[in-house]
Amino acid sequence: MPSNAEAAEIFSLIADLLDVLGEKFKPDAYRRAARSIETLSEDLGRVAARNELRTIPGVGAAIEEKIREYLATGTIPYYERLRREVPPGLAELMRLPGLGPKTARRFWVELGIEGPGELSDAISQGRLLGVKGFGPKKIEQIASALRAATAAPPGGAARLPLEAAFPVAERILRALRAVPGSESIEVAGSFRRRRESVGDLDILATSNTPDAIFDAFSALPDVREVRLRGGTKETVVLANGLQVDLRVVEPDAFGAALQYFTGSKDHNVHLRTIARDRGLKVNEYGVFRGEERVAGRTEEEVYASLGLAWIPPELRENRGEIEAAAKGPLPPLVGPADLTGDLHVHLPSEASAEDIDRLLQEARARHLDYLGIVVAGFGADGRPFALAPAAIARIASARPKGLTVGVAIETDGERSVDLPSGIRADYRVIRPTAAPPGPVAASARGPPALLLAHLGPSPGEPAERVRHWVDRARAEGCALEVGPGPERLDSNGARLAREAGVPIGIPTGVGAAADDPTGPIALGLARRAGTAADEVRVRPPTSSAGSRRPIVSR
DNA sequence: GCCGTTTTCGGCCCGACTGTTTTCAGTCG
């Protein structure tokens with residue numbers, strides 16, 4: 001079964017092999033295509049069937065041809081040929097930190113080394129001593145990288161899911177903001193773009209005492225290794241293997257640096273092309289005309305100097321957002337203030353009536369006008385759960401001013417849920433247990449309003465499966481929920497849902513612990529999908545219309 | 001190999017840091 005993830009992987013490997021062969025620009029071309037395919041919200045097969053492969057950024061005639069070969073046969077002859085030509089072990093060598101294509105190629109051509117094992121042997125036999133360009137430090141660096149690679153599980157450093165990166169980022173920000181003399185401190189990179197997973201953390205700071213910040217950074221409790229430290233940047237590796245970069249810049253360059261280190265790479269390359277055409281130069285210190293800095297303090301300044309409206313970080317993937325920003329301000333993306341309701345609030349089973357009151361207070365303080373609380377149902381483990389009868393009664397009878405409260409049950413779509421007598425559910429949240437599940441049985445009471453799409457744990461989940469959920473949500477007239485975790489849509493899925501006209505539900509995080517990242521992550525993923533501010537409206541059920549069903553509308 | 005209202009050919013982002021060097025190459029993001 002061909003998949004976008006596998007196709008992207010093959011193109012990425014082609015790039016590595018071409019690198020070893022000393023090709024100059026082709027590797028970047030293949031990597032760019034690989035990145036585009038990896039973040040595509042639709043299966044390549046569908047795009048190919050519409051004859052639109054060339055609309056994918058970085059895909060031209062040659063790569064289109066190779067995609068078609070892959071779709072038809074599951075392999076690409078060009079890739080097979082390269083693999084016969086270049087020992088695959090060299091691509092492994094290139095993935096070691098500090099070791100790139102040039103060095104891998106020299107090992108191969110000058111020393112006949114074709115992989116990590118042979119390199120280890122060569123080092124222990126002293127064969128690298130005296131080779132030009134390899135001093136004692138370099139050799140030790142390589143030996144250490146080889147040891148780390150054998151100790152680590154194969155496949156290299158895995159990307160960290162965004163929800164796992166959140167608490168790490170919070171902890172680091174708190175520590176650095178406590179350093180006297182520190183000013184603005186932000187996380188940039190793919191974390192700021194709210195990618196579903198992050199490969200590292202990029203932290204940006206302005207400070208009049210950079211050394212104090214660097215010292216505090218090195219002294220963070222879970223730092224395993226300081227990989228490099230210069231006058232403006234430092235790289236550390238945490239105990240869990242996550243790499244964290246800290247850069248300190250002057251305040252006049254903060255906007256430029258934030259823009260630059262937020263990326264994405266393809267977005268930045270496009271911006272610099274525009275700058276060059278206007279006789280300008282963009283780097284992390286600002287936008288320059290000759291020696292003169294024309295922008296840099298804020299991101300808005302940087303974009304404006306290029307004739308562009310400011311672009312939200314979640315959209316910076318070079319997927320047409322720059323062209324749109326050239327025409328004028330972008331439609332505002334959904335923000336915290338636009339979330340006027342929440343269909344899916346969970347409470348601990350021991351929650352009391354007083355806890356309910358506190359939740360309602362918080363909802364009002366956050367200006368929500370609809371709150372749907374799950375009172376009973378079946379959890380992720382398939383076992384039934386329910387709030388205490390007193391709490392359920394309080395929810396059912398609550399009439400706080402300006403806030404409509406809904407009673408929700410959570411089902412797997414097949415079993416019905418018992419509620420205390422006199423209390424009925426307003427709608428169902430459906431948590432499918434199998435994939436793909438059967439149709440939702442009529443025996444479960446109430447109309448569905450929200451469907452949690454189970455996307456499964458594998459990162460290379462075929463877009464086809466997501467489409468299954470989108471189609472089903474449309475057929476049943478319910479919304480799909482976006483958010484972290486395997487049971488909800490990621491931003492690609494949310495984009496598919498939007499394109500299909502299926503509303504998406506965004507959890508607000510109301511009632512959750514202060515450090516629970518679900519709310520901000522869900523919002524970020526919805527924004528990555530391009531969800532506009534006016535697309536998310538939760539309307540409470542209105543008895544006058546004869547419906548008790550909350551609607552998430554577009 | 002891709003791309004283009006300045007180009008269908010000739011470009012392809014740019015700077016920090018490291019290690020090995022007598023001025024720079026390689027790697028990284």
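Throughout, protein chains are lettered first and strands after them, A, B, ... in sequence-line order, and every chain is numbered starting at 1.
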Is there a donor and acceptor pair, one atom on the side chain of A:Tyr260 and one on the base of B:dG29, closer than 3.5 Å?
-> yes
Under 4.0 Å between a side-chain N or O of A:Asn283 and OP1 or OP2 of B:dG15?
-> yes
Do A:Tyr79 and A:Phe11 have ring centroids that are under 6.0 Å from one another?
-> no
Out of B:dG26, B:dG19, B:dG1, which nucleotide sits closest to the side chain of A:Ala62?
-> B:dG1
Closest-nucleotide 5' rank along DNA chain B - winner of A:Met94 and A:Ile139 = A:Ile139
Check whether any side-chain nitrogen or oxygen of A:Gln141 sits under 4.0 Å from OP1 or OP2 of B:dT27, and answer yes or no.
-> no
Taking the side chain of A:Thr103 as its heavy atoms from C-beta onward, which of B:dG15, B:dG29, B:dT27 lies nearest to it?
-> B:dT27
Considering only heavy side-chain atoms of A:Lys281, the closest of B:dG29, B:dC14, B:dG19 is B:dC14
Under 4.0 Å between a side-chain N/O of A:Thr232 and OP1 or OP2 of B:dC17, yes or no?
-> yes
Closest of B:dC14, B:dG19, B:dG1 to the A:Arg272 side chain is B:dC14
Between A:Glu299 and A:Arg316, is there a side-chain N and carboxylate O pair less than 4.0 Å apart?
-> yes
Between A:Lys233 and B:dC28, is there a side-chain N or O to OP1/OP2 distance below 4.0 Å?
-> no
Given B:dA25, is OP1 or OP2 found less than 4.0 Å from the side-chain N or O atoms of A:Lys132?
-> no
Among B:dG1, B:dT20, B:dC3, which is the nearest nucleotide to the side chain of A:Ala29?
-> B:dG1
Under a 3.5 Å limit for both distances, which nucleotide forms a Watson-Crick or G-U wobble pair with B:dT8, could you say?
-> none
No-hydrogen, no-angle side-chain donor-acceptor test under 3.5 Å, A:Glu234 and A:Ser218 = yes
Can A:Phe25 be said to stack with the base of B:dC12, given centres closer than 5.5 angstrom and planes under 30 degrees apart?
-> yes
Is the A:Phe134 to A:Phe107 ring centre distance short of 6.0 Å?
-> yes
